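To start, the structure under review is shown below, and the notes come after it.
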Amino acid sequence: MANLAQEITSYLSTKSLSPTPAWLSTFLPTIRTNTPLPALQKTALFRLLATDITQSLTRPPASCFPTTIHDATIRERKLPGPLAVQVLDVEDIGRSCWSQVEAIEAAERGETTKGREIIRSVPSEQEAAEGVQTAGAGPHKLLLQDAQGVCVYGFETHAIEGVGMAMSIGSKLVLRDVVVARGVLLLNPGCVTVLGGKIEGVHKAWKEGLKERLIAKAGMGEG
């Protein structure tokens, strides 16, 4: 079992994820040891991506945000990483709040738009359940949290595949050589790897409150 734990840890490290001994001790008893190793490794990755990294990942300083991350007097610096983070919030700052509310309501009615034409569509079961927004390309503003629980905002400077309003809350990203400008992360495809994942309860609560949050922001003059 010790060798198996080492094999799984080594595999996860290739994804820049370092699980705690406590997480491994809860994962290992749930698997069948006669399962092929590649399948076990993928299962471990899938389950780890569904966890809260503040509970499941180790916290070496080099893999977490520095204590001065929010210092706005530091004009610009680069964090070498790799640094695993999870998404706690995502906003489409390229569209007004009202247009996003309208898109959500159209999706609820099973409608999409093509130019000025309204087209009735049948959403997939998952889209209907989650109210997925497929339109709009950002840029996006993300609230990212490291394994220590430190939260930092990041702005998408160039479109990143897998980042958008349809992504799951709790999704894991790995940051490498990311630029921090006055306490804000500047995100682009060259410094962000999207691993995926979801924290089910957090994602559900976020989705359910999205429309109301957008309406509230619009009412405050933010869009």
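What you see is a predicted model; the values in this text were computed from it and never measured.
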To the nearest 0.5 Å, atom NZ of K15 lies from atom CG of L49 at 9.5 Å

Between R47 and S56, does any side-chain donor sit less than 3.5 Å from a side-chain acceptor? no

Run S96 and S99 through side-chain hydrogen bond (donor to acceptor under 3.5 Å, both in side chains) and show every step you take. CA-CA 5 Å; S96 71; S99 70; 3.2 Å; yes

Count I, L, V, M, F, W, Y as connected when their side-chain heavy atoms are under 4.5 Å apart, and connections chain through other members. Are V152 and L79 then in the same cluster? yes

Would you check if there is a donor-acceptor pair between the side chains of S18 and T58 at a distance under 3.5 Å? yes

If you round to the nearest 0.5 Å, how far is CG of D92 from CG of L214? 9.5 Å

On a heavy-atom basis, which atom in A147 and which in R59 lie closest, and how many Å separate them? O-NE, 3.3 Å

Pairwise side-chain contact, T51 with I199, heavy-atom cut-off 4.5 Å (strictly under): no

Minimum heavy-atom distance between A181 and L186, given as atom pair plus value: CB-CD1, 4.0 Å

Can you give me the closest heavy-atom contact between P189 and I160, atom names plus distance? N-CG1, 3.8 Å

I'd like to know whether R176 forms a side-chain hydrogen bond (donor to acceptor under 3.5 Å, both in side chains) with S16, so could you lay out the CA-CA distance, the side-chain angles of the two residues, the decisive distance to 0.1 Å, and finally the verdict. CA-CA 10 Å; R176 292 183 178 85; S16 301; 2.7 Å; yes

Shared hydrophobic cluster for V85 and W206 (ILVMFWY, side-chain gaps under 4.5 Å): yes

Check step by step if side chain to side chain contact (heavy atoms under 4.5 Å, CB included) holds for H70 and F65. CA-CA 9 Å; H70 298 115; F65 292 127; over 6 Å; no

Same cluster for I169 and F155 if Ile/Leu/Val/Met/Phe/Trp/Tyr side chains link at under 4.5 Å? no

Residues K204, E200: salt bridge by 4.0 Å N-O rule: no

Given the rule that I, L, V, M, F, W and Y join up when any side-chain heavy atoms are under 4.5 Å apart, are L28 and L40 in one cluster? yes

Close side-chain approach of L83 to V178, heavy-atom, < 4.5 Å: no

Side chains of H140 and I93, heavy atoms from C-beta outward: is any pair under 4.5 Å? no

Group every Ile, Leu, Val, Met, Phe, Trp and Tyr by side-chain heavy-atom contacts under 4.5 Å, then state whether L4 and L24 land in the same group. yes

Partner of D71 under side-chain hydrogen bond (donor to acceptor under 3.5 Å, both in side chains), picked from T73, T68, T67, is T73

If we only count heavy atoms from C-beta on, is the L144 to V87 side-chain gap below 4.5 Å? yes

One should read off an interatomic distance between Q145 CD and D52 CG, to the nearest 0.5 angstrom, of 6.0 Å

Please assess T157 against V179 for the test side chain to side chain contact (heavy atoms under 4.5 Å, CB included), listing each intermediate value before the final yes or no. CA-CA 11 Å; T157 60; V179 172; over 6 Å; no

I need the T9 OG1 to Q41 CD distance, nearest 0.5 Å. 10.0 Å

So, S13 and S10: side-chain donor and acceptor under 3.5 Å apart, yes or no? no

So CD of E105 and CH2 of W98: to nearest 0.5 Å the spacing works out to 8.0 Å

Quick one: which of L48, L17, L173 gives a side-chain contact (heavy atoms from CB on, under 4.5 Å) with L195? L17

Under 3.5 Å, is there a donor-acceptor pair linking the side chains of N188 and E156? no

Look up atom CG in D146 and atom OG1 in T54, then write down how far apart they are to the nearest 0.5 Å. 9.5 Å

Could you please spell out the steps behind the side chain to side chain contact (heavy atoms under 4.5 Å, CB included) verdict for T43 and F27? CA-CA 10 Å; T43 297; F27 169 72; 4.0 Å; yes

Can you confirm whether E212 is buried at CD, in the sense that more than 12 heavy atoms of other residues, nucleotides or ligands lie under 6.0 Å from that atom? yes

Ion pair E108/K211, N-O distance below 4.0 Å: yes

